[in-house]
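Reading through the structure tokens given below for one structure.
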Amino acid sequence: MRILDLKPETLDRVEAVIPKYPVKRSAILPVLHYLQADLGYISRDTMEWVAEKLELEPINVYEIVTFYPFFREQPTARRIVRVCRTLPCALSGAYKICQKLQTELGCTLEEPSEDGEVAVEFAECLAGCGTGPVVMVDDEFYENVDESKAEAIAAKIKGDKVANSTETSS
Amino acid sequence: MPPTEQRIILKFADQPGYANDIECYLRHGGYEMLHKAFDMEPGDICHEVELSRLRGRGGAGFPAGMKWKFLDRKSGKPIYLICNADESEPGTFKDRQIIHKDPHQLIESMMIAAYATGTKLAFVYIREEFPEGALILEKAIEEARAANFVGPKILGSDYSCEIIVHRGAGAYICGEETGLIESLEGKRPYPRIKPPYFPAVLGLYQCPTIVNNVETLCNIKHIIEIGGEAYSHIGTPAATGTRIWCVSGHVRKPGYYEFAGGAITLGELIYDVCEGMRPGRKLKAVIPGGSSAKVLRADERFHGHLKDHTSFDWGLKDIPLDYDSFMAVGSMSGSGGVIVLDDSVDMVEALANLNAFYAHESCGQCTPCREGSLWMKKITSRMCSGEARSEDADLLVSISKQIEGRTICAFGEACSWPTQSFVAKFKDEFVAKASEAQSQATGSENGDRLI
Ligand SMILES: Cc1cc2nc3c(=O)[nH]c(=O)nc-3n(C[C@H](O)[C@H](O)[C@H](O)COP(=O)(O)O)c2cc1C
Ligand code: SF4
Ligand code: FES
């Protein structure tokens, strides 16, 4: 078995989830979720590890990682801001808000911020259309995001970064 | 006075002090219907559901009791129950409310459905973008297991059933029930062809499987509470029970509103419940049942006959909120997502926005859908960047007609209908784009950018 540099709790979660399913292969999404949460992305090595774990061929994992938008094959920014752009949110000004967030955070839809800290992406309908525009910052959900809320979201992300770097340097 | 809601599914959801933990649920009579159901024969529960004439709330409006009846019980294979919590049809945001605010209502109803169908293992397939919802459900299931409502030997009986919360990974097509099943099997979510792959016969692991929407399932405990017959008297005969309508877009008070089937009209929903348009704005169009439903023009008149042969002559505002009325006017109630557009909207941009969604979400199995959705996106986007051509409107319709009816799953229709209806009903705007292109003027002048 190949070795991945995983947190012990990640490995525990993987081991615990597989036997819940009648067929091992069904555990592929939860296993990939846990691994991406720990490692930040799914490398070829990770895919091969998953294949061994679930008694599959690597191609069976590869086709999953490449199909589902949520899984990433490359490392990306530490924080991901998803701005819903689908019609109901667009009617409430989502495109403008997305622009605002990019300016505030110093990134574009194509390029993460220079320090690699944050990326802004478009998302499709996040099922919060009644309170659009809606934005997700990692797992956190924000509704009715107007310009001032967008500023506050950006300020919070930058604040978190400062807090993080002082933590690691002290 | 706006019409008052009849809240059954969302009865407690927004009450001050109502929490999503099991203690609160039990204080409000929670799990009493599970006890009641366990004193009934599984077949009798299925019979009550059939009597209720409950129809699916996920999009297709198929009668739940009939679906359950189609379960192949003779094969001897295990039976599975799947709750579809993928909620990704643009304009729809009701399942999120239920999961976040009243998860035990769903779990109690699922366990009744599982017992009635003979399911030993049930799943909630929840979209990745509901991370908090997944945690809430997992916690609620743990609480229910600790109280012996889920797991081994439920309520001291010989019946055992587990529920697994299974998270998706950002693909809309996982909401289509056979795509969902493939996804749950650990494969790409490529929808299966029907026939033969009707889930009730050949579903998860080729075993009989019931797939129902979150809201559909939540109705089960209420059917047990009052009985199928009594339930069928709520609403109209073809739209029994309540429905949660999700209103988004250009109204003053967007939100989710629960009404008995056919109790109010689209006009009452928009003007009374949602308080109408923003100041100085006029209604232009409504997409009534999630983004795939055909758009309706504010000034259209609809004539024809309903299923019971009565004739109708309606304006947009007169359409009663039920399944058959929206069918009769050439659209659908779909997922209950009502998207309201005012006169600031550039309809070509609005369509370009939706086409970008469908091009992104096509699973790619069928050539007409994969290629056609992309072409429709490219054409409408080009039209919005000052390069519209006079033949574009007809070209769009021609592409959409070549998708519809030629694909494995209903996504083919879902992605063609917006284009067909937008062009048919707002042709002038599509034509005007081409003449604007010649004069270099583009985009909506007063509305928000949509693409
Ligand atoms: C492209 C497509 C997407 C769908 N997305 C959803 C969805 O997000 N949620 C849902 O409940 N049903 C969705 N459906 C409908 C399901 O296929 C299925 O009909 C439904 O889950 C059955 O449950 P019901 O009978 O309780 O409505 C979708 C259908 C199609 C064709
Ligand atoms: S119609 Fe589209 S989404 Fe459905 S199976 Fe075919 S390619 Fe996939
Ligand atoms: S369109 Fe943005 S949440 Fe639905």
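Because the structure is a prediction, the values reported are computed rather than measured. Proteins come first, then strands; the chains are lettered A, B, ... in the order of their sequence lines, and each starts at number 1.
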Under 3.5 Å donor-acceptor pairs involving side-chain atoms of residues 165-172 of chain B, not counting sequence neighbours:
unit_1: B:His166; atom_1: ND1; unit_2: A:Tyr21; atom_2: OH; d: 2.6
unit_1: B:Arg167; atom_1: NH2; unit_2: B:Glu128; atom_2: O; d: 2.9
unit_1: B:Tyr172; atom_1: OH; unit_2: B:Glu89; atom_2: OE1; d: 2.5

Practice problem: Please lay out, stage by stage, how B:Arg449 and A:Lys96 fare under the test side chain to side chain contact (heavy atoms under 4.5 Å, CB included). | Solution: CA-CA 8 Å; B:Arg449 210 183 115 200; A:Lys96 209 166 53 200; over 6 Å; no
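- Between A:Ala90 and B:Asp448 the shortest heavy-atom distance is O-CB, 3.7 Å.
- In this structure, A:Arg25 and B:Glu185 approach most closely via the heavy-atom pair CG-O, 3.4 Å.
- Two residues are said to be in side-chain contact when any heavy atoms from C-beta on lie closer than 4.5 Å; A:Val134 and B:Phe93 fail this criterion.
- Contact of the B:Phe130 side chain with the A:Asp139 side chain is not registered, since no non-hydrogen atoms from C-beta on lie closer than 4.5 Å.
- With a 4.5 Å cut-off on side-chain heavy atoms, B:Ile451 and A:Arg85 count as touching.
- A:Gln74 CD: 12 or fewer foreign heavy atoms inside a 6.0 Å radius.
- By the 4.5 Å heavy-atom criterion applied to side chains, A:Leu91 and B:Ile339 are counted as neighbours.
- The CD atom of B:Glu361 sits 8.0 Å away from the OG1 atom of A:Thr86 when rounded to the nearest 0.5 Å.
- Only the backbone of B:Thr92 comes within less than 4.5 Å of a heavy atom in chain A; its side chain stays farther off.
- Atom CD of A:Glu111 is surrounded by 12 or fewer heavy atoms from other residues, nucleotides or ligands within 6.0 Å.
- For the pair B:Arg96 and A:Phe141, the cation-pi criterion (under 6.0 Å, within 45° of the ring axis) is fulfilled.
- Of the listed residues (A:Pro30, A:Cys84, A:Ser26, A:Ala123), the one with the most heavy-atom contacts under 4.5 Å to chain B is A:Ser26.
- No other option in B:Gly255, B:Gly364, B:Ala356 has as many heavy-atom pairs under 4.5 Å with chain A as B:Ala356.
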Quiz prompt | Verdict with supporting geometry, A:Lys20 and B:Glu162, side chain to side chain contact (heavy atoms under 4.5 Å, CB included) | solution = CA-CA 9 Å; A:Lys20 283 194 187 173; B:Glu162 289 292 338; over 6 Å; no
Quiz prompt | Test log, rule side chain to side chain contact (heavy atoms under 4.5 Å, CB included), inputs A:Val17 and B:Ile164 | solution = CA-CA 10 Å; A:Val17 83; B:Ile164 296 179; over 6 Å; no
Exercise. Applying side chain to side chain contact (heavy atoms under 4.5 Å, CB included), run through A:Tyr95 and B:Asn353 and close with a yes or a no.
Key: CA-CA 11 Å; A:Tyr95 276 76; B:Asn353 179 295; 4.0 Å; yes
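- A:Ser92 is not listed as a side-chain neighbour of B:His250, based on a closest heavy-atom distance of 4.5 Å or more.
- In plain terms, the two heavy atoms of B:His360 and A:Pro69 that are nearest each other are CE1-CG, 4.5 Å.
- Only the side chain of B:Cys174 comes within contact range of chain A, judged by heavy atoms closer than 4.5 Å.
- Contact annotation for B:Lys253: neither backbone nor side-chain heavy atoms come within less than 4.5 Å of a heavy atom of chain A.
- Residues from residues 77-86 of chain B that place a non-hydrogen atom less than 4.5 Å from a non-hydrogen atom of chain A comprise B:Tyr80, given in numerical order.
- Ranked by non-hydrogen atom pairs under 4.5 Å with chain A, the options B:Arg127, B:Lys94, B:Glu132, B:Glu129 are led by B:Arg127.
- Taking the side chain as every heavy atom from C-beta outward, B:Ser183 and A:Leu29 approach each other to under 4.5 Å.
- Across every non-hydrogen atom of B:Cys363 and A:Phe67, the tightest pair is O-CE1, 3.7 Å.
- Between chain B and the options A:Arg82, A:Lys24, A:Glu140, heavy-atom pairs under 4.5 Å are most frequent for A:Arg82.
- The two residues B:Ser88 and A:Cys125 come nearest to each other via the heavy atoms O-CB, 4.4 Å.
- Heavy-atom distances place no part of B:Tyr256 under 4.5 Å from chain A, backbone and side chain included.
- For the set B:Gly91, B:Ser291, B:Cys246, B:Pro189, the count of heavy-atom pairs under 4.5 angstrom toward chain A peaks at B:Pro189.
- There is no contact between B:Val251 and chain A, counting heavy-atom distances below 4.5 Å.
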